[in-house]
Protein chains: 2
Amino acid sequence: MPNIKQIAEAAGVSVTTVSRVLNHHPYVSESKRKAVEEAIALLNYSRNMNAVHLIKGSTQTVGVILPRINLFYFARMMEGMAQEALKYNYKLMLCQTAYRPEEERRVLEMLRDKQIDGLVICSRSLPLDQLEAYAEYGPIVLCEMVKDRPLSSVYFDHYASFQKAIIYLWDKGHRKIGFTIGRRNSPSSRRRLKAYTDTLRTLGGEPREDWILGGCSDIEDGAALVDRLLSLKEQPDALLITGDQVAAGFIFTARSRGLQVPGDYAVIGFDNQPISEIIGITTIDNRLSEIGSRAFEIVHEQISGQLNGPVTEEFSFRFIERNSV
Amino acid sequence: MPNIKQIAEAAGVSVTTVSRVLNHHPYVSESKRKAVEEAIALLNYSRNMNAVHLIKGSTQTVGVILPRINLFYFARMMEGMAQEALKYNYKLMLCQTAYRPEEERRVLEMLRDKQIDGLVICSRSLPLDQLEAYAEYGPIVLCEMVKDRPLSSVYFDHYASFQKAIIYLWDKGHRKIGFTIGRRNSPSSRRRLKAYTDTLRTLGGEPREDWILGGCSDIEDGAALVDRLLSLKEQPDALLITGDQVAAGFIFTARSRGLQVPGDYAVIGFDNQPISEIIGITTIDNRLSEIGSRAFEIVHEQISGQLNGPVTEEFSFRFIERNSV
DNA sequence: CTGTTAGCGCATTCAA
DNA sequence: TTGAATGCGCTAACAG
């Protein structure tokens with residue numbers, strides 16, 4: 001592969017001139033530009049971008065931390081980011097960490113080592129303090145509620161949406177309300193738990209530990225939920241299921257066992273995933289794709305200096321009434 | 001951010017020595033190693049990886065071309081790749097191209113420009129000839145059947161699986177068989193079309209143009225399929241639906257309209273997606289995750305020189321009989 | 001408008 | 001076991 005010097009020689013100009021035409025600078029005579037372009041074509045030249053990155057100190061690449069790409073929740077966010085990245089000609093480094101702290105740390109180190117210019121964290125296991133230590137190396141945006149830290153945050157209010165859903169169920173006459181979560185100890189799960197406890201207490205209901213059903217991320221988990229519920233001493237009559245795929249798995253399996261949804265169980269799903277419309281699941285749209293694109297956009301604005309300091313943006317949710325309650 | 005020179009000064013050694021401890025070379029005295037490590041810790045130093053990439057001529061990064069990450073088919077492959085990439089400490093650059101040729105080309109140029117060391121193409125719109133031109137810059141693996149070209153290929157046999165499914169339907173007494181596809185003109189779709197035509201002709205059946213239903217990628221498309229079918233003059237009584245999400249959308253919507261599946265329509269899905277087990281869809285497992293991980297592995301083996309020249313690997317499929325036929 | 005020159009931060013040959 | 005010197009390929013300040 002030829003380098004810039006060889007192009008300069010072939011075109012009979014200096015490397016600077018070659019660099020200028022490469023970067024579309026003005027002040028290059030038409031004749032020399034032609035000569036350079038011809039040499040480039042002739043020798044099939046292309047820049048070594050690593051040299052450009054080295055000199056510029058940036059890579060036009062943003063990293064994305066998520067546990068698993070093959071979950072609707074994250075795939076949808078990623079899609080939003082990818083669309084945005086395309087606009088600005090940025091690249092996305094996908095880092096599927098499976099919630100392993102050491103992998104998350106490796107990505108943070110990529111930020112420090114200048115392999116990426118910024119970072120979006122969809123979900124994490126590392127404590128905020130550890131993330132914070134890397135904020136000096138480049139913008140970091142979290143897709144969860146974070147305030148008063150050098151980290152940006154784009155999120156949707158899990159607390160308020162849970163509250164809304166619980167009140168809706170309560171108004172429909174349900175008193176035994178349970179809910180599912182993915183990871184037990186994630187920041188979002190903790191917010192939801194708090195909303196569950198607070199809201200039920202306020203209403204005069206009873207939050208119950210055994211109605212908090214962990215480990216529900218995918219459709220199979222929803223299917224397995226039926227048996228988990230049936231094995232409880234006392235069963236809830238309504239469920240908030242965080243993820244419409246999970247809800248769909250539950251509803252389908254429950255019905256195939258002769259249980260009624262709604263009826264035996266009222267269900268509210270989350271994310272307004274396409275399946276929820278088809279099955280008619282009442283759900284809460286938390287605008288994942290928009291959160292993803294906005295997260296990328298913030299990173300980009302911070303990299304390019306249009307935005308200074310961390311920002312926090314809350315997205316409002318949309319309650320969608322269908323036929324599962 | 002300090003550089004290697006400053007570390008050398010702080011530690012009272014030469015940059016070479018610093019470089020040696022950075023790269024875990026032997027022949028560094030314990031005392032100097034200590035001094036260097038202390039200086040690194042003290043100044044909070046880390047390497048600028050772009051300089052390393054420049055000098056080494058590689059980035060430990062593999063690009064992935066796919067149209068949309070939020071489709072099960074691609075998310076699953078990506079997951080396989082990501083798992084493999086983790087093993088070798090490689091990074092993955094996700095390039096969601098929406099089948100736009102100019103975006104695909106941009107990724108190929110990244111290969112040429114040394115921003116990525118290799119490339120996996122899950123699905124494409126560019127012709128093979130154009131891809132081939134970039135093969136000299138680094139290993140390219142396609143997830144489709146490609147032979148006798150400087151491109152590697154890991155694929156699952158769409159022809160044989162379609163054939164198998166059609167014969168199965170035929171044996172069950174179905175004579176009016178149609179099928180869905182995503183893009184009309186993709187290489188895989190063409191293979192399937194050929195299998196459809198060949199197999200039905202051999203059996204004495206009638207392949208029909210109006211029973212080839214394009215534009216089916218997601219669950220909503222499956223739901224919409226019901227009306228499309230009902231509006232046909234003559235309807236098929238059996239369908240191959242490429243993607244269990246699509247099949248699920250179809251089955252659910254059909255049933256909610258009072259149609260029977262199986263009964264009014266027999267359905268065979270594809271991919272053995274989790275939803276197919278829950279709904280009981282007869283399907284063909286094409287081992288997407290394995291294809292993804294093997295694709296990455298091949299790129300990696302070729303980058304590291306363990307493998308020379310393009311390889312072609314076919315994965316066998318698995319027919320899974322459930323209750324939709 | 002153009003070219004000379006000095007780095008960007010690091011790995012590596014070569015000589016000691 | 002160590003270090004000086006060279007260069008990876010490119011950009012940009014500077015001088016003309």
Side-chain angles (χ1 to χ4, degrees), chain A residues 1-40 43-61 109-117 137-138, chain B residues 1-40 43-61 109-117 137-138:
Chain A
M1 295 236 327
N3 59 26
I4 198 173
K5 208 169 165 186
Q6 299 172 39
I7 300 301
E9 276 169 23
V13 299
S14 72
V15 290
T16 312
T17 302
V18 177
S19 177
R20 287 205 179 96
V21 346
L22 247 27
N23 294 293
H24 306 106
H25 275 293
Y27 307 135
V28 179
S29 69
E30 205 44 52
S31 63
K32 301 224 169 190
R33 153 167 291 118
K34 271 265 172 54
V36 169
E37 277 163 356
E38 274 164 20
I40 286 174
L43 299 181
N44 190 22
Y45 165 78
S46 82
R47 276 190 285 198
N48 182 328
M49 290 308 290
N50 293 315
V52 179
H53 294 161
L54 172 59
I55 225 167
K56 299 258 192 194
S58 81
T59 55
Q60 311 266 96
T61 302
E109 282 163 8
M110 286 175 53
L111 182 62
R112 191 193 54 193
D113 301 346
K114 300 192 155 298
Q115 296 189 71
I116 52 180
D117 296 346
Y137 303 117
Chain B
M1 293 237 329
N3 60 25
I4 198 173
K5 206 168 165 188
Q6 299 172 39
I7 299 300
E9 276 169 24
V13 299
S14 72
V15 291
T16 313
T17 301
V18 177
S19 178
R20 286 205 180 97
V21 347
L22 247 25
N23 294 293
H24 305 105
H25 275 294
Y27 305 134
V28 179
S29 68
E30 205 43 52
S31 63
K32 300 224 169 188
R33 154 166 292 118
K34 271 266 172 53
V36 169
E37 278 163 356
E38 274 163 20
I40 287 174
L43 299 180
N44 190 21
Y45 165 79
S46 83
R47 276 191 284 200
N48 182 328
M49 290 309 290
N50 292 315
V52 178
H53 295 161
L54 171 59
I55 221 167
K56 298 260 193 194
S58 81
T59 55
Q60 310 267 94
T61 302
E109 282 164 7
M110 285 175 53
L111 182 62
R112 190 193 57 192
D113 301 347
K114 301 192 155 297
Q115 296 189 72
I116 52 180
D117 296 346
Y137 302 118

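As the structure is a computational prediction, the values presented were derived from the model and not from experiment. A note on names: the letters A, B, ... follow the listed sequences, proteins ahead of strands, and every chain is numbered from 1.
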- For every nucleotide of nucleotides 8-16 of chain D, 5' to 3': is a protein heavy atom under 4.0 Å from its base (B), only from its sugar-phosphate (S), or from neither (-)? BBBBBB---
- Message: Expressed as a whole number of angstroms, how long is the span from A:His53:NE2 to C:dG7:C1'?
- Response: 19 Å
- From A:Leu43 CG over to A:Met1 CE, what is the distance, rounded to the nearest 0.5 angstrom? 11.5 Å
- Message: Please report the interatomic distance CD1(A:Ile55) to CG(B:Leu54), rounded to the nearest 0.5 Å.
- Response: 9.5 Å
- Query: To 10°, what angle do the rotation axes through the five end pairs on each side of the helix from C:dC1-D:dG16 to C:dA16-D:dT1 form?
  - Reply: 40°
- Message: Any residue in residues 28-37 of chain B with a heavy atom nearer than 4.0 angstrom to DNA chain D? Just list them by number, or reply none.
- Response: B:Val28, B:Ser29, B:Lys32
- Task: Taking the side chain as every heavy atom from C-beta outward, state whether B:His53 and A:Met49 have any atom pair closer than 4.5 Å.
- Result: no
Distance-only check: which donor-acceptor pairs under 3.5 Å involve side-chain atoms of residues 27-40 of chain A, not counting sequence neighbours?
{"residue": "A:Ser29", "atom": "OG", "partner": "A:Ser31", "partner atom": "OG", "Å": "3.4"}
{"residue": "A:Ser29", "atom": "OG", "partner": "A:Lys32", "partner atom": "N", "Å": "3.4"}

- With a 4.5 Å limit on heavy-atom distance, are the side chains of B:Ser46 and A:Lys114 in contact? no
- Note on the structure: Between the CG atom in A:Asn50 and the NZ atom in B:Lys56, the distance rounded to the nearest 0.5 Å is 13.0 Å
- Message: Please determine whether a side-chain nitrogen or oxygen atom of A:Ser14 lies at a distance below 4.0 Å from atom OP1 or OP2 of C:dT4.
- Response: no
- Item | Residues which pass side chain to side chain donor-acceptor pair (under 3.5 Å) with A:Tyr45, listed by chain and number, not counting sequence neighbours | none
Listing, residues 6-23 of chain B side-chain donor-acceptor contacts under 3.5 Å, not counting sequence neighbours, or none:
{"residue": "B:Ser14", "atom": "OG", "partner": "B:Thr16", "partner atom": "N", "Å": "3.4"}
{"residue": "B:Ser14", "atom": "OG", "partner": "B:Thr17", "partner atom": "N", "Å": "3.3"}
{"residue": "B:Ser14", "atom": "OG", "partner": "B:Thr17", "partner atom": "OG1", "Å": "3.3"}
{"residue": "B:Ser19", "atom": "OG", "partner": "B:Asn23", "partner atom": "ND2", "Å": "3.4"}
{"residue": "B:Asn23", "atom": "OD1", "partner": "B:Arg47", "partner atom": "NH1", "Å": "2.9"}
{"residue": "B:Asn23", "atom": "ND2", "partner": "B:Ser19", "partner atom": "O", "Å": "2.9"}

- Nearest-0.5 Å distance, CD1 of residue A:Ile116 to CD of residue A:Gln60: 13.5 Å
- Message: Could you tell me how far apart B:Glu9 (CD) and C:dC10 (P) are, to the nearest whole angstrom?
- Response: 13 Å
- Query: In Å, rounded to the nearest 0.5 Å, how long is the span from OH of A:Tyr137 to CE of A:Met110?
  - Reply: 15.0 Å
